[in-house]
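Take a look at the structure set out below.
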There are 2 protein chains.
Amino acid sequence: MGRVKLKIKRLESYSNRQVTYSKRRTGILKKAKELSILCDIHIILLMFSPTGKPTLFHGERSSIEEVIAKFAQLTPQERAKRKLESLEALRKPSRNWTMI
Amino acid sequence: MGRVKLKIKRLESYSNRQVTYSKRRTGILKKAKELSILCDIHIILLMFSPTGKPTLFHGERSSIEEVIAKFAQLTPQERAKRKLESLEALRKPSRNWTMI
DNA sequence: AGCCCTATCTATAAGTA
DNA sequence: TTACTTATAGATAGGGC
């Protein structure tokens, strides 16, 4: 969608990967938000920049735990039992996150 | 991106939400795949159709467990210890999933 | 319920300052 | 580099089968 048609393969230049990530991150986040609103659905988008910085998007209706539990088709009982223990770390503050 | 500019709000009609979901799902999956390849990054996209059918995309380099563990900044040791127990259900077969 | 079409809107690759 | 611009490629809303 630019001046030139890109081949979809790993960009050679690191700085190019950063610039492209930055631009496309904005775009895909917008798409995820629009989709979640228009169609009233649960959605999770989790991605890492080339430098390793994570971005998490989830719809307004749901936390990441809820969506993943839904995906795993856990019953509420199972969910409570397991407590989605491994995901609790996601709630720890003071991380280099972008949470949306 | 169509004949008319859509207002980004919940679509009134259920059938319309389904149709729009189907179209935009294709689009956002393509974006996720392109981003993961171009920028050589980890990414997870998990979404549910209006009927509740889940779709999971993850880059070729990583499983959902790996990406989420990375996000949670678990060490390999922690990861092994916890075994990401709650996510094991994701591996169960014969679900109504689209895994990509 | 899909699957094509295409006018129209949107994202973005390079370019520019 | 940090934005901003814009020509162009890409996504999609509504319509037709």
Side-chain angles (χ1 to χ4, degrees), chain A residues 1-62 67 70-71 73 96-100, chain B residues 1-61 67 94-100:
Chain A
M1 301 115 90
R3 302 298 181 90
V4 141
K5 182 187 172 99
L6 261 200
K7 283 196 180 70
I8 303 303
K9 52 173 291 194
R10 183 176 185 277
L11 294 167
E12 299 294 331
S13 147
Y14 179 61
S15 63
N16 224 281
R17 289 200 299 278
Q18 287 178 316
V19 169
T20 295
Y21 177 81
S22 175
K23 289 182 176 181
R24 282 176 173 252
R25 171 182 172 278
T26 303
I28 198 171
L29 283 172
K30 185 177 179 190
K31 292 286 187 189
K33 181 168 188 176
E34 290 183 350
L35 182 56
S36 72
I37 293 173
L38 286 169
C39 302
D40 197 20
I41 60 154
H42 292 284
I43 185 170
I44 289 288
L45 175 60
L46 171 57
M47 56 189 159
F48 292 82
S49 77
T51 64
K53 181 182 176 187
T55 295
L56 171 66
F57 169 83
H58 58 84
E60 310 219 336
R61 292 172 42 193
S62 50
V67 173
K70 180 174 164 62
F71 182 71
Q73 299 187 336
N96 183 32
W97 290 354
T98 302
M99 303 276 296
I100 295 174
Chain B
M1 301 113 95
R3 301 299 179 91
V4 142
K5 182 189 171 98
L6 263 199
K7 284 195 180 69
I8 302 302
K9 52 172 292 194
R10 183 176 185 276
L11 294 167
E12 300 293 333
S13 147
Y14 178 62
S15 64
N16 224 284
R17 288 200 298 280
Q18 287 179 315
V19 170
T20 294
Y21 176 81
S22 175
K23 289 182 175 181
R24 283 177 173 253
R25 171 182 172 279
T26 302
I28 198 171
L29 282 172
K30 186 176 178 190
K31 291 289 187 188
K33 182 168 189 177
E34 290 183 351
L35 182 56
S36 72
I37 293 174
L38 286 169
C39 302
D40 197 20
I41 60 155
H42 291 284
I43 184 169
I44 288 288
L45 175 60
L46 171 58
M47 57 190 157
F48 292 83
S49 78
T51 64
K53 181 183 176 185
T55 295
L56 172 66
F57 169 82
H58 59 86
E60 310 219 336
R61 290 172 43 189
V67 173
S94 67
R95 296 289 178 78
N96 184 34
W97 291 351
T98 303
M99 302 276 295
I100 296 173

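In what follows, every chain begins at residue 1, and chains take the letters A, B, ... in the order their sequences are listed. Not measured: the values here are computed from a predicted model.
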Among B:Lys7, B:Arg24, B:Arg17, exactly one meets side chain to side chain contact (heavy atoms under 4.5 Å, CB included) together with A:Leu38. Which residue is that?
B:Arg24
For [X] and [N], what is the distance between atoms [atom1] and [atom2] respectively, to the nearest whole Å?
X	N	atom1	atom2	result
A:Tyr21	C:dA13	OH	P	15 Å
B:Leu6	C:dA7	CG	C1'	14 Å
B:Arg24	D:dG14	CZ	P	10 Å
B:Ile8	D:dA13	CD1	P	8 Å
B:Leu11	D:dT12	CG	C1'	13 Å
A:Lys9	C:dA13	NZ	P	16 Å
B:Arg17	C:dA1	CZ	P	13 Å
A:Glu34	D:dA11	CD	P	14 Å

Checking only heavy atoms, does the side chain of B:Lys23 share a donor-acceptor pair with the base of D:dA13 at less than 3.5 Å?
yes
Of A:Gln18 and B:Val4, whose nearest nucleotide on DNA chain D comes first from the 5' end?
A:Gln18
Any [X] side-chain N or O less than 4.0 Å from OP1/OP2 of [N]:
X	N	answer
A:Lys30	C:dA11	yes
A:Lys5	D:dG10	yes
A:Lys31	D:dT12	yes
A:Arg3	D:dT5	no

Which nucleotide in the set C:dT10, D:dG14, C:dA13 lies at the smallest distance from any side-chain heavy atom of B:Met1?
C:dT10
Looking across every strand, which nucleic acid part, if any, lies under 4.0 Å from B:Ser22 by heavy atom: base, sugar-phosphate, or nothing?
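The answer is nothing, as B:Ser22 stays clear of every strand by at least 4.0 Å.
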When rounded to the nearest 0.5 angstrom, what distance separates [atom1] in [X] from [atom2] in [Y]?
X	Y	atom1	atom2	answer
B:Glu60	B:Lys33	CD	NZ	6.0 Å
A:Ile44	B:Leu56	CD1	CG	11.5 Å
B:Leu45	A:Leu35	CG	CG	8.5 Å
B:Met1	B:Lys23	CE	NZ	11.5 Å

